[in-house]
2 protein chains.
Amino acid sequence: MQKQPTIRDVAQAAGVSVAVVSRVLNPGSGPVAAATRGRVNEVMKNLGYHPRTAARELKYGPPTTLGLLLADVSNPFFARLADRVVQEAHSRGIQVLLMTTQEDDQLESERLATLIERRVSGIIATPTGNNLATWKQLQDLGTEVVFVDRSIPSLPEVDVVSIDNFESARAATALLAAHGHRRIGIISGPASSTTGRDRIAGYRQALETAGLEPDELLIRHAAFRGPAGGDAASALLNIEEPPTALVVANTAQVTEVLRRLSHAGIDIPGRLSVIVFEDSPWTELMTPALTIVKQPIDLLARHSVQLALSNTQGKTSEKRNVIRVAAELVERSSVARLQLSK
Amino acid sequence: MQKQPTIRDVAQAAGVSVAVVSRVLNPGSGPVAAATRGRVNEVMKNLGYHPRTAARELKYGPPTTLGLLLADVSNPFFARLADRVVQEAHSRGIQVLLMTTQEDDQLESERLATLIERRVSGIIATPTGNNLATWKQLQDLGTEVVFVDRSIPSLPEVDVVSIDNFESARAATALLAAHGHRRIGIISGPASSTTGRDRIAGYRQALETAGLEPDELLIRHAAFRGPAGGDAASALLNIEEPPTALVVANTAQVTEVLRRLSHAGIDIPGRLSVIVFEDSPWTELMTPALTIVKQPIDLLARHSVQLALSNTQGKTSEKRNVIRVAAELVERSSVARLQLSK
DNA sequence: ACATAAAAGTGTACCGGTTCCACTTATTTT
DNA sequence: AAAATAAGTGGAACCGGTACACTTTTATGT
């Protein structure tokens, strides 16, 4: 284990001053004779020299690191988002520090503290909904904060990138109504989350447009983690007048819900039509292939990274950015047309 | 956007020297009177002071950051691995820099350069198989390198954590043989990858034990990305004497293969029995529920992090570590017992 | 009370880069 | 040919922490 050469070692070996080496390292920061540049480069290669990022960052804050704070990377939606964010960031020469909260605000708080200490230039996050003061502090410190997928209404000054939750749930519900369903259930995220609430709101809107009376028994909020989604599904199946159609608007709970339906021996779409907010490849492989609401993850990632870096890149737009991208309703085979026998 | 207070600001406001503040920051590094400690903490809180990691890292290399270099986080296997690695690292106060290679050795090379500049203490990676010199350099520099899932045979000094690829493929193949299958196909990773090769080797071993003659037409290597798996599946279905059973040992290509089988209208397990290397929840939701080889991702993650940090934590074990954990064959409904009509 | 030891606190060099400014040497202008 | 300008290089301060060597204060023992 050899010890790393420093810029001074390079300077000495090349017979120049450290200032010159630094200029070679940062083209455009000053003039260097072509011959000198070549010699220095040669020496750097021979010595296996790599400038140390930590030292570099000490002088000026690091626009080279982004924090990506997600609830849970084992959720395919977040995993794909992470993948795209990382790619997008790399294409701009930015690195990504990945952190997870497990939807736990205490953990979130610790992660945020770390990100502050790292002086990351931007943070892309799916907030738990708490730690308001910390989020505010981050912004005051000049860190560009971008909420993705969800947001926190009481932090109206933070940028947000998400799909149009209201509209996508409305469209899904409207599709079911158009197929003749009158008892339409929905399982959404917790009421404390914006996605959870907004999707329910879209659902209600669709019911109203279709002239259907909302039944609170058909509306379920479920936590993102644990068996909550499955329990909600079971509960829905056991009410007096069970639904003939179900919107699973809680992405993290889709497999839980489907598992429960499967164990209960529910025929899809014969007994229950289903639309899920989830566009993993497997939704197409199921029997029947699931009708889904597809989130344009690429766009979410691209916009998030762009916003998270916008401040750093100089063009500090003073006003807040809210980007809503459209989700796509992909019709497959899990929605049945109901015979109107009444 | 206020500018950040430094340790000197804190020292001045608290009426002490920077050394004392530093001691408060690093308990155990020296004596501080309880009253002083309280006062300094108070001032730090009021000023919103957070010590800057970059400055801290400058003096001693950072055992606070790990590099996680994966092929692709949108692959559920890697996603879950990332999730566990991040959790495991966080529980030890370590941060994770996530990078992806898209199986491209050029990109891998660039990512490695970045990791060198960051002086990360350890790297957990799924190597593409190239960049041998860089991997070696990393080790010489004292970076703890751990290959996970795959390895590079020509780098025998690098730690490896993976499942027993040979044995898991052997077991899967043996199960099919025990169910009476004599034409067993396999789609594995590329021949350039250790997983690709080792699983094929296990497959051959199982055939031999079962007294079956290997047929090269039934053995397919497919790239991890793109439509290669699907193409391999199609090819297998179109040979003169097609298989009655298939092992999909290329995790990244499982959905591709299944999609192709589905489009071809293949009845599983009626016409083709299937075992896949993939344990996402959806494999249980399929009709029929898939028989799978389940990788103990928790263990892989835990061991990887442990090894990646072992050097740093002082206990420099001079010899190389190779950790092989057992995969579990979970029998469900996608394997049919064949009537031996011959 | 007085020596002595332990505790508390301070000053400052250092980590490895970047950059400002001064300085020397070449090149151009008139 | 002298003066002005540009190009190339070097010296040293600085970024924000850490830790060593040292001084001052407080506690302990007889």
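In this text the structure is predicted, and so the values were computed from the model without any measurement. Per chain, numbering begins at 1; letters A, B, ... match sequence-line order.
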Name the residue closer to the 5' end of DNA chain D, choosing between B:Asn26 and A:Arg37 according to the nucleotide with the nearest heavy atom.
A:Arg37
Mind checking whether A:Gln137 and B:His50 have side chains closer than 4.5 Å, heavy atoms only?
yes
Do A:Glu88 and A:Arg302 sit within salt-bridge range, that is, some charged N less than 4.0 Å from a carboxylate O?
yes
Please classify the nucleic acid contact of B:Val21 as base, sugar-phosphate, or nothing, using heavy-atom distances under 4.0 Å.
nothing
CZ of B:Arg52 versus C1' of C:dG17: gap in Å, rounded?
12 Å
Which residue lies toward the 5' end of DNA chain C, B:Thr36 or B:Arg8, if each is placed at its nearest nucleotide?
B:Thr36
So what does B:Val32 touch, heavy atoms closer than 4.0 Å: a base, only the sugar-phosphate, or nothing?
sugar-phosphate
Rounded to the nearest Å, what distance is computed from the CZ atom of residue B:Arg119 to the P atom of nucleotide C:dG16?
9 Å
Report which part of the nucleic acid B:Thr53 touches: base, sugar-phosphate, or nothing (heavy-atom distance under 4.0 Å, all strands).
nothing
For B:Leu58 and B:Val18, find the nucleotide of DNA chain C closest to each by heavy atoms; which residue's nucleotide sits nearer the 5' end?
B:Val18
B:Thr65 and A:Arg118: side-chain donor and acceptor closer than 3.5 Å?
yes
For B:Thr6, answer base if it contacts any base atom (sugar-phosphate contacts may also be present), sugar-phosphate if it contacts only those atoms, and nothing otherwise; contact means non-hydrogen atoms under 4.0 Å.
sugar-phosphate
Which whole-number value in Å describes the distance from B:Tyr60 OH to C:dA13 C1'?
12 Å
NA contact type, B:Ala33, heavy-atom cut-off 4.0 Å: base, sugar-phosphate, or nothing?
sugar-phosphate
Check whether A:Ser304 reaches the backbone of A:Leu300 with its side chain - one donor and one acceptor, N or O, closer than 3.5 Å.
yes
Taking every non-hydrogen atom, the tightest pair across B:Arg150 and B:Thr126:
NH1-O, 3.9 Å
Please confirm whether any donor atom in the side chain of A:Arg56 sits under 3.5 Å from an acceptor in the base of C:dG16, or the reverse.
no
Give a yes or no on whether B:Gln12 atom CD has more than 12 heavy-atom contacts from other residues, nucleotides or ligands under 6.0 Å away.
no
Does A:Gln87 form a side-chain hydrogen bond (donor to acceptor under 3.5 Å, both in side chains) with B:Thr100? I'd like the steps, not just the answer.
CA-CA 7 Å; A:Gln87 280 190 55; B:Thr100 59; 5.1 Å; no
First and last nt of DNA chain D near chain A, cut-off under 4.0 Å to heavy atoms, 5' to 3', are D:dG8 to D:dG16
Sugar-phosphate, base or nothing in reach of A:Pro31, heavy atoms under 4.0 Å:
base
What is the distance, rounded to the nearest whole Å, between atom NZ of A:Lys59 and atom P of C:dC14?
18 Å
